[in-house]
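Within every chain, numbering begins at 1; the chains are lettered A, B, ... in the order of the sequence lines, protein sequences first and strands thereafter.
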Amino acid sequence: MLQSTSEAPLVHPKSKRKRRQGFIERTVRSLADVLEQALFAEEVAKADGLLQSIDPRVKVVGLLLLVVATASAHSLSIILALFALALALALLSHVPIRRLATRVWIGVLFFTGSIALPAIFITPGVALVHVPLLHWPITAQGIKAALYLLTRVETATTLSVLLVLCTPWNQVLKALRVLRVPVVFVVILGMTYRYIFVLLQTAADMFESRQSRLVGRLDGQEQRRLAAASVGVLLGKSLQLSSDIYLAMLARGYRGEVYTLDDFKAQPRDWLALGGFVIVALFAFWFGR
Amino acid sequence: MSELAFDLQNIFYHYNSEVAALSDVSFSVARGARVAILGANGSGKSTLLRILDGLYFPERGQINVLGAPLTEEQLQDEEFAFRFRQRVALVFQNPDVQLFNPTVFDEIAFGPLQMRWPKAQIRERVEETLALFEITHLKNRSPHRLSGGEKKRVALASVLILDPEVLLMDEPTAALDPKSQSMVIDFLAGWAGSGKTIVTTTHDLSTVGEIADHCLIFQNGQLMAQGAPATILGDNGLLERTNLIHVHRHAHDGQGIHSHPHQHIGHAHPH
Ligand SMILES: Nc1ncnc2c1ncn2[C@@H]1O[C@H](COP(=O)(O)OP(=O)(O)OP(=O)(O)O)[C@@H](O)[C@H]1O
Ligand SMILES: [Mg+2]
């Protein structure tokens with residue numbers, strides 16, 4: 001077959017293979033997507049389930065109590081019971097368990113696992129077996145420590161994710177404000193949520209516009225230089241953004257303290273739910289000592 | 001009562017850089033006037049609006065707003081500040097700055113809440129304002145997830161709920177599609193009819209005639225010229241010197257290459 005010569009090659013020979021995205025670009029883009037999914041996917045929050053029907057204030061206080069109970073529990077069976085409770089709450093609130101497993105549990109397993117793994121070897125105690133060749137002792141106490149860390153973090157994360165998944169984020173913020181959490185904290189939390197997204201989007205756009213102006217690919221060093229320069233620009237942008245928001249608040253009468261409308265109305269079932277959370281948490285505190 | 005909404009004398013302002021954002025600016029705006037501030041990117045328009053709104057304070061010079069001097073000390077006083085913030089409103093250029101509340105409802109309630117209006121009255125006014133701007137269906141949404149045109153409406157509603165006497169708008173039609181642009185322009189036309197003062201900034205010459213009866217032209221932080229829109233828009237030399245239009249060299253069928261002044265209407269400049 002004859003190669004047509006009239007058509008100039010549109011692609012630079014070097015990038016003839018399908019253009020691959022750089023590591024940083026890919027990471028930033030996927031981070032933005034995951035965050036968007038996590039924070040803005042409100043279909044679960046709008047579903048008709050148990051947690052969705054509870055007043056946001058009760059959810060914030062109740063789930064927070066359970067998280068604290070989990071963190072302070074010294075009994076594996078209590079931690080596992082709290083995990084089972086979280087699972088039950090998820091099922092009753094129509095949270096897709098597969099999503100919990102792939103997004104939360106596996107992620108936490110890898111992250112916490114990498115921290116917990118050394119504990120198996122370095123915690124002093126009775127050696128059960130030795131790692132072949134290396135002769136590192138694996139201690140019963142080590143396994144216990146790792147197991148505690150892992151189950152605690154998995155349970156606490158699941159509980160917090162349930163709060164975020166079953167409550168529109170703006171209701172979480174509002175509940176925090178109404179609960180008299182210091183305004184600065186809520187505003188920072190809100191801005192983080194709001195602007196992490198804007199900034200990640202900006203970052204992704206920045207990388208894309210650079211990429212489109214480049215022929216071929218960047219080598220590792222150039223990518224790192226680009227990343228460092230972009231981080232500087234982003235930092236500048238976020239500082240600018242927050243000082244501008246401050247001005248926008250001033251312009252509408254803000255004088256150092258934010259006043260909010262509290263339009264939550266607690267129903268009897270909300271009090272019931274709050275009572276339930278408190279009893280479970282007290283139970284866990286007592287038996288988990 | 002003073003007949004002037006704004007009276008500026010020899011205003012200077014610069015950011016930490018050496019370049020002056022505003023230098024030796026003097027002008028006045030009558031009550032009920034509709035004024036457009038024209039200038040290329042970086043000419044100092046946004047800086048000027050922030051000074052008019054008492055967010056930045058000039059390094060030198062004097063500014064009077066609605067008959068009273070406006071200073072940082074004055075604004076420390078809560079009574080003065082609330083009265084000033086109620087009477088003079090600013091819509092920022094960047095909607096991501098303007099909208100910072102969890103929901104559209106909270107966004108619109110923010111101003112009155114800070115000014116400690118009674119809560120029942122606030123709820124009522126917010127509902128009325130939502131209806132007025134035809135955004136009732138958006139009230140529980142997060143403001144930042146709206147479209148550009150919807151954000152503009154929410155931003156307008158969030159400041160106009162206070163029923164201000166003066167509206168400052170930074171680039172009201174930038175980055176909007178034609179339908180949303182005409183919504184904003186129609187709104188401004190209707191609102192002005194009620195004796196309110198409007199100051200807008202823009203570099204889009206196509207809308208000036210509809211939103212202003214008086215133009216101020218800025219370049220590099222200096223006031224270069226002022227006058228009626230018809231006069232200003234007819235002065236190609238002035239517009240070219242201040243980078244509001246530029247000359248293209250290109251060919252027209254059968255006429256060879258020639259050049260003529262050109263304005264890029266409707267193209268949002270990269271920002
Ligand atoms: N936060 C800042 N820090 C330092 N310099 C700034 C800052 N904001 C603006 N400037 C500079 O001040 C000058 C005037 O900026 P300003 O934003 O007022 O212009 P503008 O006319 O509103 O421009 P645009 O049409 O792009 O919105 C510019 O030279 C700009 O670079
Ligand atoms: Mg500007």
Side-chain angles (χ1 to χ4, degrees), chain A residues 36 39-42 45-46 56 167-178 183 186-199 201-202 205-206 209 236-265, chain B residues 15 46 49-50 52-56 75-78 81-86 88-117 119-120 122-123 126 139-145 155 158-159 161-162 164 168 170 270:
Chain A
E36 159 124 61
L39 296 175
F40 303 108
E42 298 204 330
K46 292 213 180 86
T167 323
W169 180 246
N170 51 31
Q171 298 291 310
V172 177
L173 289 184
K174 221 173 147 169
L176 288 173
R177 275 197 191 174
V178 171
V183 164
V186 180
V187 168
I188 289 175
L189 202 66
M191 284 187 186
T192 312
Y193 147 85
R194 169 75 190 81
Y195 291 105
I196 265 185
F197 185 67
V198 172
L199 289 172
Q201 213 62 53
T202 314
D205 291 347
M206 259 162 59
S209 74
K237 275 198 187 189
S238 57
L239 284 177
Q240 187 62 50
L241 212 51
S242 45
S243 72
D244 281 354
I245 291 165
Y246 174 69
L247 291 181
M249 292 170 74
L250 280 185
R252 277 151 72 193
Y254 169 74
R255 294 186 62 78
E257 198 183 335
V258 171
Y259 295 83
T260 42
L261 270 184
D262 170 8
D263 44 15
F264 295 126
K265 283 189 191 64
Chain B
Y15 295 94
S46 297
L49 281 200
R50 288 169 180 208
L52 297 182
D53 199 39
L55 297 174
Y56 292 165
L75 278 170
Q76 301 290 325
D77 178 54
E78 185 164 280
F82 281 168
R83 187 159 160 68
F84 176 79
R85 298 282 174 223
Q86 183 268 310
V88 182
L90 168 62
V91 176
F92 284 71
Q93 181 168 354
N94 177 357
D96 289 332
V97 162
Q98 176 88 47
L99 307 173
F100 50 82
N101 281 282
T103 65
V104 168
F105 190 97
D106 291 302
E107 194 65 64
I108 295 172
F110 184 87
L113 272 168
Q114 307 321 304
M115 297 185 186
R116 327 277 160 77
W117 291 12
K119 298 211 166 168
I122 293 178
R123 278 182 226 279
V126 173
K139 76 176 181 184
N140 291 319
R141 299 263 305 269
S142 291
H144 67 276
R145 300 212 72 199
S158 72
V159 301
I161 186 173
L162 295 169
L168 308 169
D170 205 352

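Proximity to chain A (any heavy atom under 4.5 Å) is restricted, for Y56(B), to the side chain, taken from C-beta onward. Contacts of E78(B) with chain A are made by both backbone and side-chain atoms, with heavy-atom separations under 4.5 Å.
Remark: P143(B) engages L99(B), V104(B), E107(B) in a side chain to side chain contact (heavy atoms under 4.5 Å, CB included) (not counting sequence neighbours). D244(A) is linked by a side chain to side chain contact (heavy atoms under 4.5 Å, CB included) to Q240(A), L247(A), R50(B), V97(B), counting only residues two or more places apart in sequence or in another chain.
Judged by distance alone, the side chain of R85(B) and the main-chain N or O of L250(A) form a donor-acceptor pair under 3.5 Å.
The closest side-chain heavy-atom distance from R255(A) to M115(B) is not below 4.5 Å.
Of the residues considered (A89(B), S158(B), G54(B), P112(B)), S158(B) shows the highest number of contacts with chain A, using heavy-atom pairs under 4.5 Å.
Interatomic distance, CZ of R252(A) versus CG of N101(B), reported as 6.5 Å (0.5 Å rounding). Atoms OH and CG, from Y246(A) and L55(B) in turn, are 10.0 Å apart once rounded to the nearest 0.5 Å.
Nearest approach of F92(B) to A251(A), heavy atoms of both residues: CE1-CB, 4.2 Å.
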